[in-house]
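Reviewing the structure listed below.
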Amino acid sequence: MSIGFTFTGRVKKPETLLVAAQRLAEEQGYGLYQREDGLSISLCPLDGQVHMTWKKGGGLLSQWEVEGECVSTPAGPGLHKAAVEALDALPIQKLSVADETEYYQHRDFDRMLREHFYPWLKTIADVLTGQFSEDHTNVCMCWDLDAYMPEDVPGTVVTPVGRFSGRWMRETVENQGIEALAERFFLWYHPGKRDALYNRQVALNLLWEHCHYAPSSRSQEDASNNEIVCKNLEMAAVLDRNVPLPRRAYEEICQLAHRAPALPDGPELAEEFEPGYRKGLVTYSIGPLRLTLPGLYRYQREQWEEGKGCDKWWDETGLSPIWRVNGYRMNQGEASFTPVFQGDNDLTQFEIKGGAVQYGWRALEEDGQPIYQVRAEVITGPTLFVITVTYLEPEDRPGIVELVKKITVQTQDVEKQTMQANP
């Protein structure tokens, strides 16, 4: 369930289209990503992109055939308008646009809001807040299922720009109208130039979904996220001092970025929940395995020799536990525990829905210094996962074991209580 448009057309040669796209990106501050058979223009976060591909048509004098699309939810109606105008600026001949909102034809922004974006948002809000009771597990709205899953808070809705209770969403629509919810939910809500509200929403998306709340000195990713949050909120305050901003979160990020707060006085954005999914535990998917870890940890693919490697999580300080995961699939039959762990201390096994887990721990020595490992195996159907957690202090073991006990597997018969606003 989504809103967007598709298009087809022709160009004499892809180079002409690419030059025009580069000019547009420079003028509007968009991102541009070129591929051998196409390009993508990135207008805003939350997959706010116009994608297109090209191929040579038939015949000696044929042109290049172009086709593309833009999905404008959940980024919002402002993206839809900007994406249509991006098409206007490109030299695509015999352009045919299939726009379900018909905005490409009538160019009436308010009509598009009333007839499409407001009903889309209200339908999703009604389903999410009406289908589940207040004590039900949280549900996801426009959340990338390939990303991590935030910690469960019953009766709430997880979105890329914040966590909302079902009660708050219902009462907001009932008391203030769908416009109030739209203003808080869409990243690019207003038409035209990206304004103070846009800058605030970009910062909120980072604060909620991407920031690890770690010092900028830890990694380039942390430095970039912290800097973009601060700059967007400061720009929002410059453009409109009356826009409510997450000022407490801003000051926290400023401290992590080692920069002096620079927001002028203004209203605080009233929120039910403190920004930052990664401030708590988050759950990662590795095939059917669901691994719950501190959101502070960063992920990387650790490469070994001969093209092999593992999934790795740690906080990069050199002091935290380091989690490594490898998966193996049996050619025939069901997976079973290996005898490798038989010498480990406190070897324990327990069943989980769709599989089983065993774990233990051992003491090692590296460069004359003691180190420790909790080792675990997870079996589910024909798949075996091997997990090693290396740590320096014995008192870290209980916390690691608690996280091992949170391991689950996702089998096909498990109900996915998630609503996606993607195709």
Side-chain angles (χ1 to χ4, degrees), residues 132 136-154 156-158 160 209 277-278 280-304 307-314 321-341 344 347-361 373-390 399-423:
F132 305 119
H136 199 283
T137 181
N138 62 202
V139 293
C140 296
M141 178 176 175
C142 306
W143 190 260
D144 183 359
L145 294 184
D146 292 328
Y148 67 86
M149 186 61 62
E151 205 164 6
D152 181 47
V153 177
T156 66
V157 179
V158 169
E209 184 178 357
Y277 294 126
R278 288 187 174 277
L281 299 176
V282 300
T283 300
Y284 297 95
S285 299
I286 309 100
L289 178 68
R290 301 296 182 264
L291 181 65
T292 298
L293 297 173
L296 174 68
Y297 287 8
R298 292 186 71 242
Y299 167 81
Q300 70 179 79
R301 179 67 182 175
E302 185 173 77
Q303 297 296 329
W304 301 341
K308 298 180 180 180
C310 70
D311 295 305
K312 174 182 174 182
W313 288 268
W314 62 324
I322 301 174
W323 291 68
R324 293 181 172 91
V325 179
N326 279 94
Y328 306 91
R329 188 176 180 87
M330 303 291 293
N331 291 328
Q332 295 181 350
E334 301 288 295
S336 59
F337 293 131
T338 70
V340 175
F341 290 8
D344 285 11
L347 190 62
T348 303
Q349 294 184 3
F350 62 92
E351 293 186 357
I352 56 177
K353 186 175 182 179
V357 180
Q358 78 165 354
Y359 68 90
W361 67 275
Q373 279 187 341
V374 168
R375 305 196 298 174
E377 290 182 336
V378 183
I379 54 175
T380 175
T383 305
L384 166 70
F385 290 96
V386 177
I387 302 170
T388 61
V389 190
T390 305
I400 295 169
V401 169
E402 285 303 308
L403 294 177
V404 170
K405 291 179 179 179
K406 292 180 180 292
I407 288 173
T408 62
V409 295
Q410 184 76 62
T411 56
Q412 292 183 352
D413 62 336
V414 175
E415 180 182 1
K416 292 184 178 180
Q417 295 163 341
T418 302
M419 170 166 284
Q420 281 295 91
N422 294 321

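When reading the values below, keep in mind they use all heavy atoms of this one structure, side chains included, and skip hydrogens, waters and symmetry mates. As the structure is a computational prediction, the values presented were derived from the model and not from experiment. By convention here, the first residue in the shown sequence is residue 1.
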Which value, rounded to the nearest 0.5 Å, describes the distance between [X] atom [atom1] and [Y] atom [atom2]?
X	Y	atom1	atom2	answer
Y359	K405	OH	NZ	4.5 Å
N326	I387	CG	CD1	10.0 Å
L291	Y284	CG	OH	9.0 Å

Checklist entry - Looking at residues at least two apart in the chain, or sitting in another chain, which of them share a side chain to side chain donor-acceptor pair (under 3.5 Å) with T283? => result T292

Item to check | Contacts of Q358 that satisfy side chain to side chain donor-acceptor pair (under 3.5 Å) - sequence neighbours left out | outcome: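 By the side chain to side chain donor-acceptor pair (under 3.5 Å) rule, Q358 matches Q349, E377.
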
Could you check if a side-chain atom of [X] sits within less than 4.5 angstrom of a side-chain atom of [Y], using non-hydrogen atoms only?
X	Y	answer
I322	K312	yes
M149	C140	yes
L384	T338	yes
L403	L281	yes
D311	R301	yes

Item to check | Residue pairs involving residues 322-338 (criterion salt bridge (Lys or Arg N to Asp or Glu O under 4.0 Å); sequence neighbours excluded) | outcome: E302-R324

Next on the checklist: On a heavy-atom basis, which atom in Y297 and which in P321 lie closest, and how many Å separate them?
Outcome noted: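 It is OH-CD, 3.6 Å.
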
Checklist entry - Which heavy atom of P150 sits nearest a heavy atom of V158, and at what distance? => result CG-CG1, 3.7 Å

Item to check | ring-ring contact (aromatic ring centres under 6.0 Å, His included), paired with Y299, selected from W323, W313, Y148, W314 | outcome: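 Answer after filtering W323, W313, Y148, W314: W313.
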
